[in-house]
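This report refers to the structure that appears directly beneath it.
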Amino acid sequence: MKPFKAIDYYQIDSLLSEEERLVRDTIRDFVSEQVMPRIEKHHRAGTFPRELIAPLAELGTLGSSLQGYGCAGLGPVAYGLIMQELERGDSGLRSFVSVQGGLVMYPIHAFGSDEQKERWLPPMARGEKIGCFGLTEPDFGSNPGGMLARAERKADRYVLNGTKAWITNGTLADVSVVWAKLDGEVNGFLVEKGTPGFSARDHEGKFSLRASVTSELALQDCAIPLENRLPGARGLKTALACLNQARYGIAWGVIGSAMAVFDEALEYARTRIVFDKPVAAHQLQQRKLVWMATEITKGQLLCLQLGRLKEAGKATPQQVSMAKMNNCHVARECAKLGREILGASGITDEYQVGRHLCNIESVYTYEGTHDVHILIVGQDLTGFGAFS
Ligand SMILES: Cc1cc2nc3c(=O)[nH]c(=O)nc-3n(C[C@H](O)[C@H](O)[C@H](O)COP(=O)(O)OP(=O)(O)OC[C@H]3O[C@@H](n4cnc5c(N)ncnc54)[C@H](O)[C@@H]3O)c2cc1C
């Protein structure tokens with residue numbers, strides 16, 4: 001496999017700090033050396049590369065934007081660059097790290113008790129404990145406020161009932177952050193693996209994110225101690241705050257996927273001869289490559305400015321939605337164009353583009369579908385909610 005050449009058409013590198021570049025390069029090398037040689041095998045087998053959890057933890061990627069508890073405490077741009085590089089390898093790997101950090105460690109850090117933080121965050125940063133985030137239900141995805149999961153207080157316990165669907169890391173997880181209504185209000189609960197009444201099983205037959213675990217969680221009269229409720233997580237807005245963290249990472253991550261696809265398509269187009277000259281020397285194909293390069297560059301700049309706003313505490317959830325929406329669209333289109341440029345070769349896993357093409361369909365849908373982010377930005381711009 002040829003070494004990865006990252007497109008940086010507008011010298012965005014020069015806008016990064018030395019520390020940000022160092023973090024980016026470290027993860028880039030890790031992906032080239034550890035992820036690329038094994039990812040197609042896992043994708044084909046439909047298995048998550050568990051053997052990468054320890055090295056990912058050693059590199060400080062788990063909960064990397066959080067302060068204390070053994071976390072790296074990186075700024076938003078360095079965090080985003082980690083996501084970009086991981087997703088250059090595979091969206092499933094980036095999903096694992098996003099969920100662990102943005103959707104499990106973040107809510108424990110932001111809304112948990114001191115005991116919960118001490119108990120869970122250090123082993124999660126070390127990759128010794130894995131978490132998942134259970135919000136979506138079989139009948140409530142885009143509209144999680146309609147959830148049916150319920151928690152009831154009974155003496156010294158909460159008793160949970162409900163089903164969660166499409167949960168990343170579900171069967172891997174030692175602890176699930178489960179969202180359920182308690183007296184009509186959405187609350188977050190920590191449910192440990194092995195608790196009677198809790199079970200998890202994987203969704204089978206996925207075309208997409210095959211190197212990632214996606215599961216259904218079932219809670220049947222599942223009793224947990226009172227201290228397993230996240231005391232600060234009250235109302236749907238707290239669950240949505242977690243999604244905002246993770247969507248920020250997705251906006252960066254999918255640009256990594258597009259960069260991988262662009263690199264592969266450009267290399268292929270330069271070397272494959274059709275009608276006596278390279279694919280890249282034909283106008284029609286140049287148009288595709290130029291579109292990809294332009295949109296990737298715009299996506300990179302969007303992320304960087306969003307990161308700088310986040311650093312200054314000024315990024316709004318609607319700006320995060322715009323970046324997630326735009327960059328997923330760009331990555332999806334780039335994967336389609338890249339696949340086209342590779343011709344028949346693009347449909348085999350000898351090349352990466354087909355895997356990215358399939359993966360991006362999940363990323364386009366999860367953490368708020370493309371449509372939902374349009375509605376969020378639309379409401380912000382017009383003042384009119386058009387959800388229902
Ligand atoms: C691989 C994978 C991993 C995931 N991981 C997690 C996880 O870890 N935790 C978790 O909680 N969830 C997870 N999800 C679930 C994901 O967040 C949901 O799939 C997503 O929110 C969409 O919900 P849905 O699939 O039920 O689609 P639906 O909500 O049923 O939407 C169906 C269609 O209707 C459109 N639509 C919805 N509302 C509107 C509207 N108001 N106006 C116009 N159109 C609308 C949608 O855009 C979509 O095209 C994951 C999903 C996948 C595929």
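These numbers come from a predicted model, not from an experiment.
Side chain of Lys117 to backbone of His109: a donor-acceptor contact under 3.5 angstrom is found. A donor-acceptor contact shorter than 3.5 Å links the side chain of Glu264 to the backbone of Val353. Proximity of a side-chain donor or acceptor of His373 to a complementary backbone N or O of Gly368 within less than 3.5 Å is detected. A donor-acceptor distance shorter than 3.5 angstrom exists from the side chain of Tyr248 to the backbone of Pro76, with no hydrogens or angles considered.
Residues that satisfy the salt bridge (Lys or Arg N to Asp or Glu O under 4.0 Å) test with Glu128, not counting sequence neighbours, are Arg126. A search for ring pair (Phe, Tyr, Trp, His ring centres under 6.0 Å) contacts involving Phe48 returns Phe96, not counting sequence neighbours. With sequence neighbours left out, Glu87 forms a salt bridge (Lys or Arg N to Asp or Glu O under 4.0 Å) with Arg94. Partners of Thr238 by side chain to side chain donor-acceptor pair (under 3.5 Å), not counting sequence neighbours: none found.
Counted by atom type alone, Thr47 and His42 present one or more donor-acceptor pairs between their side chains at under 3.5 Å. Using modelled atom types, one finds a donor on one side chain and an acceptor on the other under 3.5 Å when comparing Arg88 with Ser32.
More than 12 heavy atoms of other residues, nucleotides or ligands shown are found within 6.0 angstrom of CD on Glu51.
Note: the hydrophobic cluster containing Val159 does not contain Met147 (ILVMFWY, side chain heavy atoms under 4.5 Å, direct or indirect links).
Counting side-chain heavy-atom gaps under 4.5 Å among Ile, Leu, Val, Met, Phe, Trp and Tyr, the cluster of Ile374 also holds Met322, Met325, Val377, Leu381. Other residues sharing a hydrophobic cluster with Ile250 under the 4.5 Å side-chain heavy-atom criterion for ILVMFWY residues are Leu209, Val254, Ile360, Val363, Tyr366. Through chains of ILVMFWY side-chain contacts below 4.5 Å, Phe140 is grouped with Leu148.
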Using residues 271-282 as the side-chain source, report each donor-acceptor pair under 3.5 Å to any protein atom, sequence neighbours left out, with the distance given to one decimal.
from: Thr271; atom 1: OG1; to: Glu267; atom 2: O; distance (Å): 2.9
from: Thr271; atom 1: OG1; to: Tyr268; atom 2: O; distance (Å): 3.2
from: His282; atom 1: NE2; to: Val274; atom 2: O; distance (Å): 3.1

Show which side-chain atoms of residues 224-236 pair as donor or acceptor with protein atoms under 3.5 Å away, not counting sequence neighbours.
from: Asn228; atom 1: ND2; to: Leu190; atom 2: O; distance (Å): 3.0
from: Arg229; atom 1: NE; to: Tyr158; atom 2: OH; distance (Å): 3.1
from: Arg229; atom 1: NH1; to: Asn187; atom 2: OD1; distance (Å): 3.2

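In this structure, Phe111 and Tyr106 have perpendicular ring planes: the angle between them is above 60°, well past the 30° mark.
Within the structure, salt bridge (charged side-chain N to carboxylate O under 4.0 Å, His left out) pairs that include any residue of residues 143-171 comprise Glu137-Lys164 (at least two apart or interchain). Listed by first and then second residue, the side-chain hydrogen bond (donor to acceptor under 3.5 Å, both in side chains) pairs involving residues 66-86 are Arg28-Glu85 (not counting sequence neighbours). For residues 5-17, every residue pair satisfying the salt bridge (charged side-chain N to carboxylate O under 4.0 Å, His left out) rule, not counting sequence neighbours, is listed here: Asp13-Arg24.
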Verdict with reasoning, Val35 to Leu52, per side-chain contact (heavy atoms from CB on, under 4.5 Å): CA-CA 8 Å; Val35 179; Leu52 294 178; 4.0 Å; yes

